[in-house]
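A short write-up of the structure that comes next.
None of these values were measured; they are calculated from a predicted model.
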Amino acid sequence: MQIRRFFVEDIKETSASARIAGAEFTHLKKVLRLAAGDTAAVFNGRGLELTGVIESIGRDSAEVRITGRAEGVKESPVEIALLQGALKGDKPEFIVQKATELGIKEVCFYTTGRTVPELKGSGKEKRLGRAAIEAAKQCGRPVLPRVRVTDYKDAISGYTDFFKLILWEGAETGLKEALRDADAKKIAVLVGPEGGFSAEDVELARLSGFKVASLGARILRAETAAMAILSILQYELGDLN
Ligand code: SAH
């Protein structure tokens, strides 16, 4: 049975013990019903993962005695940032979950004047953070992707040393052509919101150094386009191959 992994942000390489509390403790006690003596791993979301044995389970936390260091799943050699237009409902959580599983380093949600839902507000950002933790626990990754929410102009003005790509259904250039000479180690890929990009949005991105590429003749939902491009980029340049 796969060793159970828990997110504990403040562990260090030299930690002799770790405290599992909050939502992670609820998962350990109520869902997994682990007991003292069971093995457990703890990871800090920044690449450190330690193995241990549950020493005690209290009312609202569990103590783990650290017994060693775990390798944890290796990170992809390519750093991919997904810049995703705001989406309705729980689609943002879906995007964060799949991006975490696919080894993405950052998900930057952006709002434009025309995007529907507001992603700001502690509740939503907290839920997005939780989605990343749950996905990292499940897929074995000791690194959490960075998840942030900003506006369009701010999103496209960053990533200066990245290979930049905007996916647009109106583009003449196909993806294979657009990636032909990209041996980049850092890629920022821009996917539109539910309603798609305005011509100005595309032009702004182009002026900011984004290459425009098409994903073929069919119009994909934003979440389909995002999953497709992340998988293609990890296959072509990363570790999905
Ligand atoms: N304009 C679409 C809605 C946008 S789809 C419509 O009329 O329904 C959401 C986003 O997915 C787009 O902004 C684009 O970034 C991406 N996308 C969808 N289909 C695409 C395609 N065939 N080529 C490139 N990007 C695509």
Side-chain angles (χ1 to χ4, degrees), residues 1-82 90 92-109 119-150 185-186 230 234 238-240:
M1 199 262 289
Q2 190 202 20
I3 186 169
R4 296 296 181 178
R5 305 172 61 247
F6 299 91
F7 174 60
V8 179
E9 194 153 16
D10 62 357
I11 54 167
K12 307 231 179 337
E13 286 193 22
T14 54
S15 297
S17 67
R19 167 161 302 162
I20 299 175
E24 289 299 88
F25 174 68
T26 306
H27 186 226
L28 180 147
K29 184 169 184 181
K30 298 264 185 300
V31 176
L32 300 175
R33 311 180 77 73
L34 295 187
D38 286 345
T39 51
V42 288
F43 66 98
N44 68 356
R46 298 186 303 285
L48 176 64
E49 180 148 345
L50 304 171
T51 50
V53 176
I54 298 174
E55 197 130 72
S56 62
I57 297 188
R59 212 165 47 80
D60 49 19
S61 71
E63 288 301 314
V64 175
R65 176 169 47 82
I66 301 303
T67 54
R69 179 152 182 185
E71 261 317 292
V73 164
K74 261 168 67 63
E75 283 294 285
S76 169
V78 65
E79 178 174 346
I80 300 172
L82 168 66
D90 60 2
E93 282 89 330
F94 174 82
I95 293 278
V96 168
Q97 182 186 66
K98 298 311 162 201
T100 304
E101 292 172 63
L102 288 169
I104 305 314
K105 275 282 190 306
E106 172 172 354
V107 181
C108 171
F109 290 100
L119 278 167
K120 284 265 183 221
S122 64
K124 193 62 175 176
E125 290 194 82
K126 235 164 101 106
R127 280 201 299 281
L128 294 177
R130 195 71 221 145
I133 292 170
E134 281 158 15
K137 284 171 72 172
Q138 175 273 325
C139 75
R141 218 177 147 190
V143 169
L144 293 179
R146 182 181 175 213
V147 179
R148 68 189 184 107
V149 180
T150 187
K185 284 286 164 260
K186 293 181 166 189
L230 297 183
Q234 284 291 27
D239 63 359
L240 211 75

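- The side-chain heavy atoms of Ile80 and Gln234, taken from C-beta on, include a pair separated by under 4.5 Å.
- Salt bridge annotation for Glu134-Lys137: absent, with no cationic side-chain nitrogen under 4.0 angstrom from a carboxylate oxygen.
- For the residue pair Glu55 / Ser17, no side-chain donor-acceptor distance below 3.5 Å is found, with atom types taken as modelled.
- Heavy-atom minimum distance, Phe25 versus Ile20: CB-O, 3.6 Å.
- Rounding to the nearest 0.5 Å gives a distance of 5.0 Å between CD1 of Ile54 and CG of Asp38.
- Within the 4.5 Å cutoff, the side chain of Val42 has heavy atoms near those of the Ile66 side chain.
- A 6.0 Å sphere centred on NZ of Lys74 holds no more than 12 heavy atoms belonging to other residues, nucleotides or ligands.
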>> Before you tell me yes or no, could you show the steps for Thr150 and Cys108 under side chain to side chain contact (heavy atoms under 4.5 Å, CB included), namely the whole-Å CA-CA distance, both residues' side-chain angles and the distance that decides it to 0.1 Å?
In response: CA-CA 7 Å; Thr150 187; Cys108 171; 3.5 Å; yes
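- The main-chain N or O of Ala136 is found under 3.5 Å from a side-chain atom of Arg5 such that the two form a donor-acceptor pair.
- The shortest non-hydrogen separation linking Asp90 to Lys124 is CA-NZ, 4.3 Å.
- Looking at every heavy atom in both residues, Leu82 comes nearest to Ile104 through N-CG2, 4.2 Å.
- Contact check on Arg141 versus Glu49 returns no salt bridge, with no Lys/Arg side-chain nitrogen under 4.0 Å from an Asp/Glu carboxylate oxygen.
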>> Applying side chain to side chain contact (heavy atoms under 4.5 Å, CB included) to Leu28 and Arg4, what does each step give before you reach the verdict?
In response: CA-CA 9 Å; Leu28 180 147; Arg4 296 296 181 178; over 6 Å; no
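- Counting only heavy atoms from C-beta outward, the side chains of Gln138 and Glu101 approach each other to under 4.5 Å.
- The existence of a salt bridge linking Glu24 and Arg130 is confirmed by a sub-4.0 Å separation between a basic side-chain nitrogen and an acidic carboxylate oxygen.
- In this structure, CG in Leu102 is found 9.0 Å from SG in Cys139, a value given to the nearest 0.5 Å.
- The CG atom of Leu128 lies 5.0 Å from the CD atom of Glu93; values are rounded to the nearest 0.5 Å.
- The shortest non-hydrogen separation linking Thr67 to Gly52 is OG1-CA, 3.5 Å.
- Within the 3.5 Å criterion, the main-chain N or O of Gly68 finds a donor-acceptor partner in the side chain of Thr51.
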> Passes side chain to side chain contact (heavy atoms under 4.5 Å, CB included), Arg19 versus Val8? Steps please.
Replying inline: CA-CA 7 Å; Arg19 167 161 302 162; Val8 179; 6.0 Å; no
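- Across all their heavy atoms, Gly103 and Ser76 have their closest contact at O-CB, 4.4 Å.
- Within 6.0 Å of atom CZ in Arg46, more than 12 heavy atoms from other residues, nucleotides or ligands are found, so the atom counts as buried in its surroundings.
- The side-chain heavy atoms of Glu9 and Asn44, taken from C-beta on, include no pair separated by under 4.5 Å.
- Within the model, atoms NE2 of His27 and CD1 of Ile133 stand 12.0 Å from one another, a figure rounded to the nearest 0.5 Å.
- Ala36 and Ile57 get closest at one heavy-atom pair: N-CD1, 4.0 Å.
- Of the inter-residue distances, the one linking Phe6 atom CZ with Leu32 atom CG reads 5.0 Å to the nearest 0.5 angstrom.
- Interatomic distance, CD of Glu75 versus NZ of Lys105, reported as 4.0 Å (0.5 Å rounding).
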